[in-house]
Amino acid sequence: MTILKAEHLSFSYRTKYQTIHAVQDVSCEFDTGKMYAVTGESGSGKTTLLSLLAGLDLPESGKVTVRGNDLSQMNRDKYRREQASVIYQAFHLFPMLTALENVMFPMELRNMKKKAAKERAKKLLLQVGLSEKIFSQFPQMMSGGEQQRVAIARAFASGGKILLADEPTGNLDTENEQRIVDLLRMSADERGYAVIVITHNPKVAARADVILRMQDGKLVSVC
């Protein structure tokens, strides 16, 4: 089932010296239960496309629709809380919250009772392969791979069916890279998410059901 759709998206930004046409007339769609890899050289428009799909930016022309609804007409903060989770390369965990509290946070935003949120957060952290000793640790006490898995557990806690990941294996060792890709693959296969991964890594792209390649702001191939 198609859950997310980009229709003729274009977006530019301006520097002091030039205008960058970051995304140019891009159309694509994403189904639940599938993993997508968006590839291309640096500057090809991958991350800008993710920002548009996440509602972090609005297109200059074209539109993003979620279950047929125009994202620009929706409460985009609520969209990211309840329907689409973004996993950043830099993790973006709250430094003053423990791993458990980071995962509880999106559930508490949805007014889930603290006890229920805590129990679900524990289950999610265990599901992504973290031990109970991590529950009480702050981000600065964790390895990069551990932080990334906390970020994925937090994404699962949102309850939505769209998972957007920006270079989720960047700067990770081979073992943790494999673990993260397995989790993303599992979230599509077993949880029914539409998983959209921005990546330079051909090994990550090879695990996707569909590969979208961008070049100079344009979508040049889908396979």
Side-chain angles (χ1 to χ4, degrees), residues 1-6 9 22-54 56 64 66 83-92 124-130 142-156 158 160-223:
M1 181 185 75
T2 299
I3 190 172
L4 187 64
K5 195 172 184 179
L9 293 185
V23 171
Q24 301 183 58
D25 194 31
V26 169
S27 296
C28 49
E29 57 185 51
F30 305 94
D31 296 345
T32 52
K34 287 187 177 181
M35 178 173 164
Y36 299 80
V38 184
T39 67
E41 300 297 326
S42 295
S44 62
K46 303 185 306 297
T47 296
T48 301
L49 177 62
L50 180 138
S51 293
L52 295 169
L53 295 173
L56 295 167
V64 174
V66 185
Q83 297 193 62
S85 298
V86 184
I87 302 171
Y88 301 94
Q89 184 176 357
F91 316 129
H92 285 202
L124 288 170
L125 286 166
L126 291 171
Q127 284 175 11
V128 299
L130 292 170
M142 306 174 204
S143 69
E146 288 167 342
Q147 290 183 61
Q148 188 66 293
R149 279 181 279 166
V150 173
I152 291 174
R154 186 174 65 181
F156 289 159
S158 74
K161 286 296 183 181
I162 301 168
L163 192 60
L164 301 156
D166 188 8
E167 296 287 358
T169 62
N171 304 318
L172 296 182
D173 60 35
T174 301
E175 181 181 354
N176 279 308
E177 175 188 291
Q178 182 68 43
R179 190 174 283 137
I180 296 304
V181 177
D182 286 346
L183 286 168
L184 293 172
R185 188 67 259 182
M186 178 270 289
S187 66
D189 295 340
E190 299 179 18
R191 294 172 176 266
Y193 281 72
V195 179
I196 304 161
V197 181
I198 306 299
T199 185
H200 284 97
N201 190 327
K203 290 188 292 183
V204 175
R207 297 288 301 278
D209 298 297
V210 180
I211 300 174
L212 300 88
R213 189 168 70 87
M214 294 193 67
Q215 182 177 323
D216 299 327
K218 298 177 181 179
L219 182 60
V220 294
S221 69
V222 179
C223 57

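No hydrogens, no waters, no symmetry mates; every other heavy atom, side chains included, goes into these values.
Here the closest non-hydrogen pair linking Gly145 and Ile180 is O-CD1, 4.5 Å. Summarising the geometry of Arg154 relative to Phe91, their closest heavy-atom pair is NH2-O, 3.5 Å, with the distance given to 0.1 Å. Between Gly45 and Val23 the shortest heavy-atom distance is O-CG2, 3.9 Å. The two residues Asp173 and Asn176 come nearest to each other via the heavy atoms OD1-N, 2.8 Å. Of all non-hydrogen atoms in Leu56 and Tyr88, the two that sit nearest each other are CD1-OH, 3.9 Å. Shown here for Gly40 and Lys46, the closest heavy-atom pair between the two residues is O-NZ, 3.0 Å.
Between Tyr36 and Phe30, the ring planes are perpendicular. Angles over 60° get that label, and only those under 30° would be called parallel.
The one candidate from Leu164, Leu50, Val204 that meets the side chain to side chain contact (heavy atoms under 4.5 Å, CB included) condition with Ile198 is Leu50. Under the side chain to side chain contact (heavy atoms under 4.5 Å, CB included) test applied with Ile211, the options Val197, Thr199, Thr39 reduce to a single match, Thr39.
Note that NE2 of His92 is 12.5 Å distant from CD1 of Ile87, once rounded to the nearest 0.5 Å. How far OG1 of Thr169 is from CG of Asn201: 5.0 Å, rounded to the nearest 0.5 Å. Interatomic distance, CG of Asp166 versus CG of Leu49, reported as 11.0 Å (0.5 Å rounding). Distance CZ/Arg191 to CG/Leu184: 11.5 Å, rounded to 0.5 Å. A distance of 6.5 Å separates CD of Gln127 from CE of Met186, quoted to the nearest 0.5 Å. Interatomic distance, Cys28 SG to Leu53 CG, rounded to the nearest 0.5 Å: 6.0 Å.
You'll find the side chain of Glu29 stays beyond 4.5 Å of the side chain of Leu4, heavy atoms only. Within the 4.5 Å cutoff, the side chain of Leu163 has heavy atoms near those of the Phe156 side chain.
Judged by distance alone, the side chain of Arg207 and the main-chain N or O of Val181 form no donor-acceptor pair under 3.5 Å.
Residues that satisfy the side-chain hydrogen bond (donor to acceptor under 3.5 Å, both in side chains) test with Ser85, not counting sequence neighbours, are Ser158.
Taking the charged nitrogens against the carboxylate oxygens, Asp31 and Lys161 have no contact shorter than 4.0 Å, which rules out a salt bridge.
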Worked verdict on Arg149 versus Met142 for side-chain contact (heavy atoms from CB on, under 4.5 Å): CA-CA 10 Å; Arg149 279 181 279 166; Met142 306 174 204; over 6 Å; no
Atom pairs and distances, donor-acceptor, side-chain atoms in residues 213-223, under 3.5 Å, two or more places apart:
{"unit_1": "Arg213", "atom_1": "NH1", "unit_2": "Gln215", "atom_2": "OE1", "d": "3.4"}

